[in-house]
Amino acid sequence: MELELRNISVTLSNKKILKFINLKVEDGEFISLLGASGCGKSTLLKTIAGLIDQDEGSVVLGGNIIDKTPAHKRRTVIVFQDLRLFPHMTVAENISFPLKMLGIDKNGRRKEAINLLGKVKLKGYEDMHVDKMSGGQIQRVALARALAAKPMVLLLDESFSSLDINLRKDMQELVLELQREYKITTILVTHDQEEALTMSNRIAFMHNGQIEQYDTPENIFKKPINTIVADYFSKGTYVHGKIINNKFISRLFSSNVDRETGKYKCLIRPSAIKINKFKNGEYIVAEKIYQGDSYLLKLNNTDSNLKLESVVPDFTAIIEGDRVNIELDKDKLIFIPEKQACS
Amino acid sequence: MKNFKSNRLLNIFLYISLLIISVPIVILLLWTFTARWPWPNLLPKTYSFRAIKEVFAPHAKLFQTLFSSMLLSLAVAILSVIIGTMTARALTLYDFVGKELIALLSIAPNLVPGTVFAMGIHIVFIHMALADTVLGVITVHLIYTLPYSVSIMRDLTQSIGGRLEMQAYVLGASPFKSFIYITLPLLVPGIKTSIGMAYIISSGQYFITLLIGGGKVKTFSVLMVPFIAKGDRALGSAYALIFMMSTLLILIITDRVTKKLPYQNDGGKYRWNWN
């Protein structure tokens, strides 16, 4: 179901946590709320679910304003970070609980619970007690229980953050599989940019209680609106310059760009720099840091104090102290207008 | 090896505890049937059924007093656990003005000496026409039992918190159903303890019951204590045994009733409760 947030503001303990949030999620869309801890992501999720009242604005679900609808009637189900399985119930009782609240008879509940357990690949676990389960299994039960509530909007509050990397990948795949099967409008709260980039149709980047940018993963990564968004995905070096007649001019380089005239900052991420070993090269390799399947090279310009970083494959012959020349991949350069550089 | 040793130690403690509980009961049992027990005999010299006959004699009105006493203390225990649970919930899950004061007041009756407290409350109850009434006795017993109930339920409510109810809420349960299906089953151990504690405290009140009840409200303690004070050990022991059994009966009933609540652990095996 389509969800729209109109001008939502929330104050908690006299502190403004959310500031005029506007967001529209299409029916069946998967979006992520991405941002650092404390930026208001979870508060926004709880506001959507009706657990926190907004000071201003409206939550619109399927075209209807649901500000006065209590949380238990909204069908906006949260899977919390700590999962919150009911400790006094078996796996099937946990999954059946929302079905019971929907008024489904006991045979129907049992049947649906077993069906959902199959969907989350936990067939045969129905009569197991939850304290006997592993972290990954608990995640799956929490997901099955949320699906049992037949949510209009599924809200995932950093649900995978407690899992190790392999289990997290498995859960991400499972969630996407089920989200597509059930076509549920889903909002994932995460601080993990990779999770947001790989799972979402769109990402809403939050900072300091506001949405800085709401765009597709590709656009938000390649065309960040300001330095806050840009830095969150990948740090790099900023070079100041001007764009005049579709040409960026700086002390380091010039490049043709299809942008309006004005002052800009050009972000050079490590992935935008290719290096060539050269005896009289302009840069010296100050540090070489192992990163698994690649190395991060820290480069110092020999004539100025300009510092750049580059990523090279792990079989590179370049060592610390080598002199190199750089080549910029102009498609990977990011231009941010100075006036928006840090909103 | 370590486990074996710690198990052995636990068993020793278990047997010591069992001994501490059972020895006084055996002594009470012996005294109930004792006619003469001169010092330094280890066992009574002569036995008799005098105490039993007197306790069950029609003029003693044992069953009438026992029944009304049990009912009164049970009412106190149930009210105490309800008020205690709600107070604990308010103190734990909500923020409001005067929260700390209410938390302090909830344990105040235990801070003031009982006699001083009783005299003060007697005057107030006379003004409120609650003296010499069952309601007055229930109210005054509640004042004594509530600090224990609040304390037990507060600790448990704190450990459960509001997180699970919040989850139930977003899964479609109303606040009332969230409490009934999620928090209440988890509170059952505390409810049982609280009822037991409040019942024992209430049924054991002699002075305050006599003062506020004015002799008109007869409880088992009011009936029993004069015999103990008089030094009739056989009769006192007989009454004490009956008192103990009645308390045990209430604890068993409480246990059975709470097992009927939804989602209760049935002998270690969690069962389906579809209703």
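All chains are named by letter (A, B, ...) in the order of the sequence lines, taking the proteins before the strands, and each is independently numbered beginning at 1.
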Test item: [X] and [Y] side chains (from C-beta on) under 4.5 Å apart, heavy atoms:
X	Y	answer
A/Pro151	B/Val170	no
A/His72	B/Pro175	yes
A/Arg145	B/Gln167	yes

Within a reach of under 6.0 Å around [atom1] of [X], are more than 12 heavy atoms found that belong to other residues, nucleotides or ligands?
X	atom1	result
B/Phe96	CZ	yes
B/Lys99	NZ	yes
A/Ile65	CD1	no
A/Lys73	NZ	no
A/Lys121	NZ	yes
A/Tyr182	OH	yes
A/Tyr214	OH	yes
B/Met86	CE	yes

Task: Spacing of A/Ile95 atom CD1 and B/Leu171 atom CG [to the nearest 0.5 Å] - done: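 It is 11.5 Å, given to the nearest 0.5 Å.
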Open item on the list: What's the separation between atom NE2 in A/His88 and atom CG in B/Leu184, rounded to the nearest 0.5 Å?
Closed with: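 Between A/His88 NE2 and B/Leu184 CG, I get 9.0 Å after rounding to 0.5 Å.
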Over all atoms of both residues, closest heavy-atom pair of [X] and [Y]:
X	Y	answer
A/Phe80	B/Met166	CZ-SD, 3.8 Å
B/Ala168	A/Phe97	CB-CE2, 3.7 Å
B/Leu164	A/Pro87	CD1-CD, 3.6 Å
A/Met101	B/Gly172	CB-O, 3.6 Å

Open item on the list: Quick one: does any side-chain atom of B/Arg163 pair with a main-chain N or O of A/Arg84 as donor and acceptor, under 3.5 Å?
Closed with: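 No, the answer is negative, given that no donor and acceptor are paired below the 3.5 Å cut-off.
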By a 4.5 Å heavy-atom criterion (distance strictly below it), what part of [X] contacts chain B: side chain, backbone, both, or neither?
X	answer
A/Arg75	neither
A/Leu155	neither
A/Leu83	backbone

Task: Top contributor to chain B interface from A/Val79, A/Leu85, A/Ile78 [non-hydrogen pairs under 4.5 Å] - done: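 Most heavy-atom pairs within the cutoff with chain B belong to A/Ile78.
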